[in-house]
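Right, one structure below, let's go through it.
First listed ligand is number 1; within each ligand, the first listed atom is number 1. Residue numbers count from 1 along this sequence.
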Amino acid sequence: MNFLNIDDLTREELDDVLTRATDLKERTARGKTAEAMDGKTLGMIFEKPSTRTRVSFETGATQLGGHAIFLGPDDIHLGHGEPVRDTARALSRYVDVIMARVFDHADVVELGEYATVPVVNGLTDDAHPCQTLADLLTIRERFDGFDARVAWVGDGNNVCQSFVLGAALVGLDLVVATPEGYGVDDAVLNRAAELGSAPEVVTDPEAAVDGADVLYTDVWVSMGEESERAEKLDAFSRAGFQVTEDLLNDQLLMHCLPAHRGEEVTDAALESDNSIVWDQAENRLHAQKGLLTYLLA
Ligand code: CP
Ligand code: NVA
């Protein structure tokens with residue numbers, strides 16, 4: 001199977017992945033924790049930069065007894081004339097899993113159609129399901145389940161869209177605050193409703209945070225949106241979307257990182273005791289190890 005969207009997993013399958021993640025995490029955070037990838041190779045395609053996704057997948061493969069190959073934008077023929085479908089079929093003859101971070105979501109869909117090994121979405125313009133796995137693991141650890149209210153304060157971007165679907169799958173109480181015109185796609189909201197619950201959608205960050213247990217934010221300008229930078233910074237700051245210590249009451253602060261201090265979040269808020277962003281980042285490793293063992297089982 002492929003993992004292109006968080007709801008490619010059923011609730012039961014998601015619980016299985018998270019339980020595998022917790023089990024692997026408890027065995028040891030560092031060092032070899034399983035043989036699931038013994039003799040196996042993960043091919044990692046990156047059209048965009050990455051710190052966490054690249055390092056957590058590569059380290060995860062090593063810890064599972066396998067090996068990962070980094071395929072950056074100038075390392076392979078993809079993006080330089082070789083079609084997605086040819087890349088998918090050729091890589092499938094070598095590697096056991098393909099992870100891809102690309103711009104166009106349609107490209108991971110095509111990779112998944114033509115690959116004969118599992119394809120994992122490592123972020124597209126529309127979705128970041130591996131981040132959601134780590135986010136749900138982090139929330140499950142903190143709240144001993146999903147009985148929590150989360151306020152998303154920021155752009156209705158890839159990270160937000162996957163989180164909306166993940167929240168619907170597990171039954172998290174979610175409110176999404178975005179400035180007017182920067183909301184989550186209607187198709188995602190409809191899909192969330194089909195999965196169990198669409199989030200409450202508002203444009204006032206303070207109203208969203210009121211009564212929430214967790215405040216989650218992300219950059220205002222995602223990779224690939226550089227030409228919209230001035231316009232977005234202006235719209236988000238004017239609408240009061242910066243996460244400050246004032247906006248943050250006693251909520252835990254989540255951020256998928258990288259953070260742009262002084263834009264979507266202040267340095268003080270990110271460095272405050274409420275911030276759990278480093279646990280969240282660590283959980284990328286454990287969640288993806290859970291996912292890899294699940295996909296290879
Ligand atoms: N959160 C996340 O995906 O980070 P990277 O861009 O560093 O991989
Ligand atoms: N929304 C951000 C997430 C980075 C991990 C982006 O797409 O750039």
task = Tell me whether the centres of the aromatic rings in Phe236 and Tyr182 are closer together than 6.0 Å.
result = yes
inquiry  = Determine whether Asp279 and Thr138 satisfy the following criterion, side chain to side chain donor-acceptor pair (under 3.5 Å), listing intermediate values before the conclusion.
reply    = CA-CA 7 Å; Asp279 293 338; Thr138 307; over 6 Å; no
inquiry  = Test your reading of the structure: does His128 have an N or O sitting under 3.5 Å from an N or O of ligand 2?
reply    = no
Student check: side-chain heavy atoms of Val153 and Phe241 closer than 4.5 Å = yes
Atom 8 (O) of ligand 2 [closest protein heavy-atom partner, distance rounded to 0.1 Å] = Met223 N, 2.8 Å
remark   = Short version for Asn158: what comes under 4.0 Å of ligand 2, heavy atoms counted, is side chain
ask   = Do any nitrogen or oxygen atoms of Lys48 come within less than 3.5 Å of a nitrogen or oxygen of ligand 2?
value = no
request  = For the pair Asn157 and Asp218, evaluate side chain to side chain donor-acceptor pair (under 3.5 Å) and give the outcome as yes or no after the intermediate values.
outcome  = CA-CA 8 Å; Asn157 62 15; Asp218 182 20; 2.8 Å; yes
message = Salt bridge check, Lys40 against Glu35: does any charged N sit closer than 4.0 Å to a carboxylate O?
response = no
task = Using non-hydrogen atoms of the residue, decide whether Leu257 is closer than 4.0 angstrom to ligand 2.
result = yes
ask   = Which is it for Val219 and ligand 2 at heavy atoms under 4.0 Å: side chain, backbone, both or neither?
value = side chain
Geometric cation-pi criterion, Arg54 with Phe70: 6.0 Å, 45° = yes
ask   = Where does Leu123 meet ligand 2, judged by heavy-atom distances below 4.0 Å: at the side chain, the backbone, both, or neither?
value = side chain
inquiry  = For His255 and Glu264: C-alpha separation, side-chain torsions, deciding distance, then whether side chain to side chain donor-acceptor pair (under 3.5 Å) applies.
reply    = CA-CA 10 Å; His255 191 312; Glu264 77 280 0; 2.7 Å; yes
Test item: side-chain donor near acceptor, Arg89 and Thr116, under 3.5 Å = no
key: Numbered atoms of ligand 2 (with element) below 4.0 Å of Asn157, judged on heavy atoms   = 1 (N)
Name of the residue among Lys25, Arg27, Gln63, Lys289 meeting side-chain hydrogen bond (donor to acceptor under 3.5 Å, both in side chains) with Thr33 = Lys289
ask   = Protein residues near ligand 1, heavy-atom distance below 4.0 Å?
value = Ser50, Thr51, Arg52, Thr53, Arg101, His128, Gln131, Cys256, Leu257, Arg284
request  = Assess the side chains of Glu245 and Asn274: does a donor N or O sit below 3.5 Å from an acceptor N or O?
outcome  = no
task = Report the C-alpha separation of Asn190 and Glu194 in whole Å, then their side-chain angles, then the decisive distance to 0.1 Å, and conclude whether the side chain to side chain donor-acceptor pair (under 3.5 Å) test is met.
result = CA-CA 6 Å; Asn190 293 338; Glu194 283 169 22; over 6 Å; no
Ligand 2 atoms in contact with Asp218 (distance to a heavy atom under 4.0 Å) = 1 (N), 2 (C), 3 (C)
task = Could you say whether the N/O atoms of Ser222 and ligand 2 ever approach to under 3.5 Å?
result = yes
